[in-house]
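Both counts, for ligands and for their atoms, begin at 1 and track the order of listing.
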Amino acid sequence: MAEFKSNAIDCGVVEAVQTRAFDVVVIGGGPAGMAAALAAHKAGARVAIVEREQHLGGILRQCIHPGFGLSHFKQELTGPEYAQRFIDKVHATDIALFLNSMVLGIDSGEPAEDTAVHTVTLMSPAGMLQLTGRAVVLAMGCRERTRSEIKIPGSRPAGVFTAGLAQRYINIENLKPGSRAVILGSGDIGLIMARRCTLEGISVEGVYELMPYANGLRRNVKNCLDDFGVPLHLSTTVTRVVGHDRLEAVEVSQVDERLAPIPGTERIIPCDTLLLSVGLIPENELSVAAGVELDPRMRGAVVDQSLQTGVPGIFACGNVLHVHDLADNVTCESERAGAAAAAYALGTGAGAVPDCELTVSPAGIAGYALPGRITAVALTKLNFRVRRPVDAARVRILAGGVELFAGKVRPFKPSVMESFPLPAKVIKQALDLGASKIVLSVDPIEEA
Ligand SMILES: Cc1cc2nc3c(=O)[nH]c(=O)nc-3n(C[C@H](O)[C@H](O)[C@H](O)COP(=O)(O)OP(=O)(O)OC[C@H]3O[C@@H](n4cnc5c(N)ncnc54)[C@H](O)[C@@H]3O)c2cc1C
């Protein structure tokens with residue numbers, strides 16, 4: 001076989017890369033990819049899912065704790081149970097599955113045109129393949145921030161893991177990462193891992209959080225820390241890693257209101273394991289290479305109300321678009337993306353001539369607003385997150401300096417992804433004012 005190939009090259013004959021045609025190609029087989037694929041299939045499209053792992057399910061396969069499905073199935077499921085419901089549905093269809101297959105690139109033609117067919121190149125166990133589709137759905141999820149991204153000083157011993165990697169070791173590989181752990185960051189993965197480590201007999205010395213508030217959901221603080229007696233130290237961070245071959249201790253320090261370590265507050269905590277739960281980054285390298293514009297605030301694609309990116313026919317959903325705390329919300333959003341991608345591919349709806357062109361910007365304590373563009377005068381679901389917790393604030397919608405809507409005063413937390421239905425009549429009012437931008441502002445109500 002090897003000889004035949006070298007002969008082929010000698011004769012100047014290049015074996016063509018095998019190509020298969022679909023209407024919609026979905027990249028990523030996590031909850032986002034599966035929901036998008038099922039919705040596109042239901043709309044009549046020929047669909048393919050490409051997943052680099054051996055199995056569908058994405059990150060949910062390692063999330064063996066309960067808490068999934070409460071809104072989607074009205075039932076409490078574990079991550080693998082939640083994923084399995086969608087895996088079964090995918091298997092009951094003729095959606096083509098390319099597992100163990102890594103997407104290397106998306107070619108949308110140069111420049112990207114409205115009529116372009118996208119070519120998705122992947123490396124599969126059978127070699128290189130190309131899948132073409134009128135629409136592509138990006139559903140690649142996100143990855144965890146690592147020690148180098150937050151620049152913790154000190155030596156570089158073994159024993160420093162991202163919390164998700166430790167979750168995989170314990171829940172999938174049956175490996176114990178250490179015996180005495182410190183957790184940096186109170187995001188949901190860190191909180192869940194505090195409980196998981198305790199249940200596995202690993203002593204958890206504490207969860208240390210830079211901010212003056214916990215970053216995870218309230219229910220996770222209660223169920224994972226309070227119920228297991230794990231202390232939460234706010235306004236505190238790890239300022240040094242100590243150890244040569246294996247981690248021996250970490251130095252923690254309190255921080256001031258500018259988040260700078262306060263000299264003299266250093267404490268040494270003996271431990272052999274440091275778990276980092278310090279944020280997730282949407283996996284957008286493929287998207288950027290395909291010409292998709294990213295929003296620097298959420299590090300996901302700038303999309304319109306149908307979750308279509310600026311490259312016609314490329315849609316995005318799930319954690320690759322913005323970080324979700326609940327898989328149920330991922331499913332709901334991704335069903336919209338899949339249905340819109342099918343409509344685009346089949347020419348039955350989305351992607352038609354835009355009604356309008358408005359940008360959406362966050363203001364006040366809103367960290368981002370999604371979608372970043374509105375191209376249709378229709379009821380539009382806006383998602384946003386606040387940058388800090390407040391007891392009393394209100395959502396306001398403004399255009400051309402005029403307030404078009406003011407919501408009720410209520411508390412907001414950064415751990416909760418908010419959703420707000422923007423009525424078509426408000427979009428129309430903005431257009432009537434001649435505005436090119438809608439502002440979603442979350443304004444704290446200062447106490448007298
Ligand atoms: C470590 C970790 C732990 C989490 N724990 C929880 C939790 O306990 N509870 C909770 O509600 N949420 C949790 N989340 C959030 C969770 O990610 C989301 O709720 C949900 O799983 C996101 O779905 P998704 O499909 O967008 O992403 P994912 O589930 O991450 O799926 C993305 C898929 O895309 C595939 N992929 C990526 N790039 C390529 C490529 N180039 N080619 C082919 N395939 C590719 C990946 O292999 C993966 O299977 C966790 C997230 C992380 C990162």
Out of curiosity, is [X] lining ligand 1, as in a heavy atom under 4.0 Å away?
X	result
Ser101	yes
Leu165	no
His65	yes

[atom]: which of [options] has the nearest heavy atom?
atom	options	value
atom 25 (O) of ligand 1	Gly29, Gly105, Gly187, Ala32	Ala32
atom 5 (N) of ligand 1	Cys63, Ala35, Pro31	Cys63
atom 42 (N) of ligand 1	Val103, Asp328, Asp188, Leu280	Val103

Side chain or backbone, does [X] bring an N or O within less than 3.5 Å of an N or O on ligand 1?
X	value
Gly33	no
Cys317	no
Arg52	yes
Asn319	yes
Glu51	yes
Ile59	yes

Quick one: ring-ring contact (aromatic ring centres under 6.0 Å, His included) pairs with a partner in residues 209-253, sequence neighbours left out?
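Checked against ring-ring contact (aromatic ring centres under 6.0 Å, His included) - neighbours excluded - the pairs reaching residues 209-253 are Tyr208-His233.
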
Pairs meeting criterion ring-ring contact (aromatic ring centres under 6.0 Å, His included) with involvement of residues 47-77, two or more places apart
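Applying ring-ring contact (aromatic ring centres under 6.0 Å, His included) to every pair that reaches into residues 47-77, excluding sequence neighbours, yields His65-Phe68, His72-Phe86, Phe73-Tyr82, Phe73-Phe86.
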
Could you tell me if Arg20 sits above the aromatic ring of Phe22, with its cationic atom closer than 6.0 Å to the ring centre and no more than 45 degrees from the axis?
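Output no; distance or angle outside limits.
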
